[in-house]
Protein chains: 2
Amino acid sequence: MSAKKKYNIRFRIWFYADDDKFLGKGRVELLERIKEVGSITNAAKGMKMSYRQAWQMVKEMNESANEILVEKSLGGKGGGGASITKAGERAITQFHDFEQKVNRFIAEESKKLTI
Amino acid sequence: MSAKKKYNIRFRIWFYADDDKFLGKGRVELLERIKEVGSITNAAKGMKMSYRQAWQMVKEMNESANEILVEKSLGGKGGGGASITKAGERAITQFHDFEQKVNRFIAEESKKLTI
DNA sequence: ATTCAATATGTTTTAAAATGAATAGTGATT
DNA sequence: AATCACTATTCATTTTAAAACATATTGAAT
């Protein structure tokens with residue numbers, strides 16, 4: 001007898017500004033790490049990500065969104081750093097909240113499936 | 001003045017069998033085309049897809065799902081062909097239904113966002 | 001003015017993925 | 001047994017994406 005696999009539904013959501021995708025799960029994690037460690041460099045190190053990639057993500061996010069999500073400082077003590085703006089904080093929170101709502105909805109609706 | 005971009009949320013869903021992803025938007029379209037034209041070859045031609053890729057998708061779907069979604073016949077009049085099984089039909093329908101439900105939910109919830 | 005750790009980018013290398021071409025196999029029909 | 005249009009599969013090639021590497025720049029602190 002072959003064990004039947006259990007069907008389940010997974011999803012991803014993205015925040016767009018007009019038609020520009022600017023935020024998804026991965027970028028939210030990057031934002032959270034920047035908030036935690038105070039720099040793009042160290043945030044990237046914590047994930048499996050090169051500084052270059054992380055920096056490009058930040059650039060894209062800031063350029064696409066109506067307000068910048070990450071504020072950067074150059075030079076000075078410690079070489080500079082990066083921090084999350086109020087808009088960035090809101091983006092993180094609302095992304096998580098939204099994701100959770102969708103997750104609950106999908107979990108509930110999945111029960112009705114007769115696939 | 002710079003025009004403010006309108007924020008919006010988009011999503012994708014996938015059907016999994018245990019931890020194997022076996023159905024997403026692209027594959028559903030492939031299934032529909034196979035149903036319509038009766039062969040993998042012609043279904044692939046209708047999309048921007050090589051026969052090779054389409055054939056591999058069908059193979060993966062059939063292997064991952066509990067029941068095969070596409071039934072194939074080899075040789076004979078017309079060289080053979082492919083058709084959708086009952087399970088395949090159900091998969092198509094339920095994918096669309098589910099996607100629509102999630103879409104409505106997200107559209108509704110999006111109104112509450114203050115991003 | 002030198003140091004330092006970070007941001008800011010360009011360039012090169014490597015790896016992964018998609019594509020295309022080529023070939024074999026199938027079986028009802030003629 | 002020859003044909004035909006499809007499925008089935010391998011292999012070499014191309015394209016794309018990711019990673020790695022290399023520098024330049026910045027500015028407070030010393």
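Residue numbers begin at 1 in each chain, while the letters A, B, ... track the order of the sequences.
- Put simply, the residue from B:Lys25, B:Arg10, B:Arg104 that forms a salt bridge (charged side-chain N to carboxylate O under 4.0 Å, His left out) with B:Glu99 is B:Lys25.
- For A:Arg52 against C:dT7, a side-chain-to-base donor-acceptor contact under 3.5 Å is absent.
- Within the 4.0 Å cut-off from OP1 or OP2 of D:dA18, not a single side-chain nitrogen or oxygen of A:Ser50 is found.
- One finds a side-chain N or O of A:Trp55 lying less than 4.0 angstrom from the OP1 or OP2 phosphate oxygen of C:dA8.
- At the phosphate of D:dC6, neither OP1 nor OP2 sits under 4.0 Å from any side-chain N or O atom of B:Lys72.
- Aromatic ring centroids of B:Phe105 and A:Phe105 lie under 6.0 Å apart.
- The 12-atom threshold is not exceeded at NZ of A:Lys35, counting heavy atoms of other residues, nucleotides or ligands nearer than 6.0 Å.
- Under a 3.5 Å cut-off, the side chain of A:Asp18 and the backbone N or O of A:Tyr16 do not form any donor-acceptor pair.
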Shorter than 3.5 Å, N or O on both sides, protein versus nucleotides 25-27 of chain C: list them out with atom names.
from: C:dT26; atom 1: O2; to: B:Gly75; atom 2: N; distance (Å): 3.0
from: C:dG27; atom 1: O4'; to: B:Gly76; atom 2: N; distance (Å): 3.2
from: C:dG27; atom 1: N2; to: B:Gly76; atom 2: O; distance (Å): 3.1
from: C:dG27; atom 1: N3; to: B:Gly76; atom 2: N; distance (Å): 2.8

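- Across the protein-nucleic acid pair, A:Met49 atom CE and D:dA17 atom P stand 17 Å apart, rounded to whole Å.
- Using a 30° and 60° split on the angle between ring planes, B:Tyr7 and A:Phe22 fall in the tilted class, from 30° to 60°.
- Considering all non-hydrogen atoms of both residues, B:Ala54 and B:Ala44 come closest at CB-CB, 3.8 Å.
- The B:Tyr51 side chain lies nearest to D:dA8 when the options are C:dA8, C:dA6, D:dA8.
- Not one side-chain nitrogen or oxygen of A:Ser73 sits closer than 4.0 Å to the OP1 or OP2 atom of D:dT26.
- The side chain of B:Asn42 sits closest to D:dC6 out of C:dT7, D:dC6, D:dT7.
- Straight-line distance from the CD atom of B:Gln53 to the C1' atom of D:dT9: 16 Å, rounded to whole Å.
- One can place CD1 of A:Ile34 at 13 Å from P of C:dA6, the figure rounded to the nearest angstrom.
- The CD-P distance, from B:Glu71 to D:dC6, rounds to 18 Å in whole Å.
- Going from atom CD1 of A:Ile40 over to atom C1' of C:dT7 covers 7 Å, rounded to whole Å.
- Atom NZ of B:Lys59 and atom P of D:dC6 are 22 Å apart (whole Å).
- Distance A:Lys45 NZ to D:dA19 C1': 16 Å, rounded to the nearest Å.
- Remark: of the listed residues A:Gln53, A:Arg52, A:Lys45, A:Gln53 is the sole one forming a side-chain contact (heavy atoms from CB on, under 4.5 Å) with A:Met49.
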